Amino acid sequence: MTHEQQINTLFNQRYQHQPDVICYAPARVNIIGDHTDYNDGFVFPAAIDCGTTIAASKRDDQLVKVYSHDFGQSSTEFVLNQFSFDTEHMWCNYIKGSVQALMEKYPNLRGANLVVTGNVAQGAGLSSSASFEMAILKTFTSLYQLELDGKTAAKMGQQAENDYVGCNCGIMDQLISAMGKKGHAMLLDCRDLTFEDAPISDELSLVIINSNVKRGLVDSEYNLRREQCEQVAKHFGCKALRDVTLAQLESEKAQLPDVQYKRAKHVITENARTVAALTAFKSSDMSTLSQLMAESHQSLRDDFEVTTVEMDGLVEIISEQIGNQGGVRMTGGGFGGCVVALMPKTLIKQVTEHVNIQYPERFGLTADIYICHASQGAFRQIEEA
Ligand code: GLA
């Protein structure tokens with residue numbers, strides 16, 4: 001049974017009628033450029049072939065009924081315009097936050113019957129939450145034929161996280177989930193949301209290796225990092241760290257607390273690496289890309305301090321095998337979760353075998369390895385593909 005047939009059956013069992021729409025939004029992996037998005041910087045993600053699927057039917061009232069198949073098979077309901085934060089079903093707050101943002105544009109939104117399923121590893125740093133938000137927005141706009149472009153949808157998803165869920169994330173995850181292009185990665189300028197699609201060569205594979213250390217302390221540590229970056233931007237009288245050069249930072253080093261200096265150094269150097277990575281990527285210069293990804297990981301480990309020993313170990317284990325033929329680094333927010341590797345297809349077998357032996361030996365844990373394919377964002381028009 002396909003995923004679509006499965007959710008169709010679930011929907012029928014639940015509501016005794018066919019869904020009007022089935023919508024999907026992908027998760028993402030970031031190849032390089034982490035903790036740069038909320039500093040108005042550059043990121044280089046791809047949408048991947050796992051995500052959130054929602055089946056839905058229209059309602060004449062303002063009730064939203066939800067059955068979630070993958071969050072402990074729970075169900076809940078709320079009335080549009082009258083809802084509050086849900087402490088029992090945390091997952092439902094992504095729906096509420098997204099719907100609240102959508103209602104600023106469409107205040108007369110009507111309710112829906114929903115079934116939600118997903119196949120993104122939870123707590124792995126692959127942004128299951130952004131895929132959930134984009135899937136919800138896609139569902140409501142498809143159900144009621146509302147106009148919504150991908151960039152606006154991404155901003156609404158970010159607003160849901162920032163104002164409703166309480167994570168001060170940047171725009172990367174939502175934007176790539178909305179606007180990713182099949183077979184491509186995207187260099188995104190998070191200041192003005194312009195982007196360039198870059199095709200992923202057929203000879204390369206995008207591999208995600210889950211350390212299976214669930215992300216912890218994410219929101220509090222994440223929000224703290226963001227504050228530290230903003231303090232440095234303020235010190236320089238700038239809107240964001242994007243506007244501060246490395247030379248300026250070095251000249252003020254003595255005036256800044258060490259921790260703030262290190263955070264800013266990561267962001268400024270990571271922006272430069274990300275832009276350089278696009279050039280290397282487009283010309284298949286794997287040795288430069290390998291170097292840039294290695295430096296990115298070190299910077300996230302030593303200056304931004306968001307990796308774990310298990311992620312560091314995985315990066316070591318994998319880079320021993322791929323050398324300068326590919327790159328590997330942590331991906332996403334950090335504090336556990338996944339590392340990403342870009343490598344020639346011919347190396348997959350040997351890397352997998354090595355990880356399967358070395359990782360359990362060093363950490364007593366098993367890693368999950370996903371060979372993924374860059375996929376289409378939920379709001380990307382097919383004719384743009
Ligand atoms: C999380 C956030 C993103 C981004 C990354 C780190 O995934 O949601 O906005 O900041 O962390 O690059």
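Atoms within a ligand are numbered from 1 in the order they appear, just like the ligands themselves. Heavy-atom basis, side chains included; hydrogens, waters and symmetry copies ignored. Owing to the predicted nature of the structure, the values given are computational and were not obtained by experimental measurement.
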Next on the checklist: Please find the pair of heavy atoms, one from V64 and one from G111, that lie closest to each other, and give the distance.
Outcome noted: CG2-CA, 4.1 Å
Checklist entry - Using a 4.0 angstrom limit on heavy atoms, which residues are close to ligand 1? => result R28, D34, H35, D37, Y38, C169, G170, M172, D173, Y222, G332, G333
Item to check | Pair E230 + R226: basic N to acidic O under 4.0 Å | outcome: yes
Next on the checklist: Under a 3.5 Å cutoff, is there a donor and acceptor pairing between the side chains of S131 and S177?
Outcome noted: no
Checklist entry - Does CG belonging to D192 count more than 12 external heavy atoms closer than 6.0 Å? => result yes
Checklist entry - Salt bridge or not for R329 and E270, using N-O below 4.0 Å? => result yes
Item to check | Co-members of F44 in a cluster of I, L, V, M, F, W and Y side chains, linked at under 4.5 Å | outcome: V29, I31, I32, F42, I48, V120, L126, L187, I200, L204, L206, I208, V275, L278, F281, M286, L289, L292, M293, V340, L342, Y370
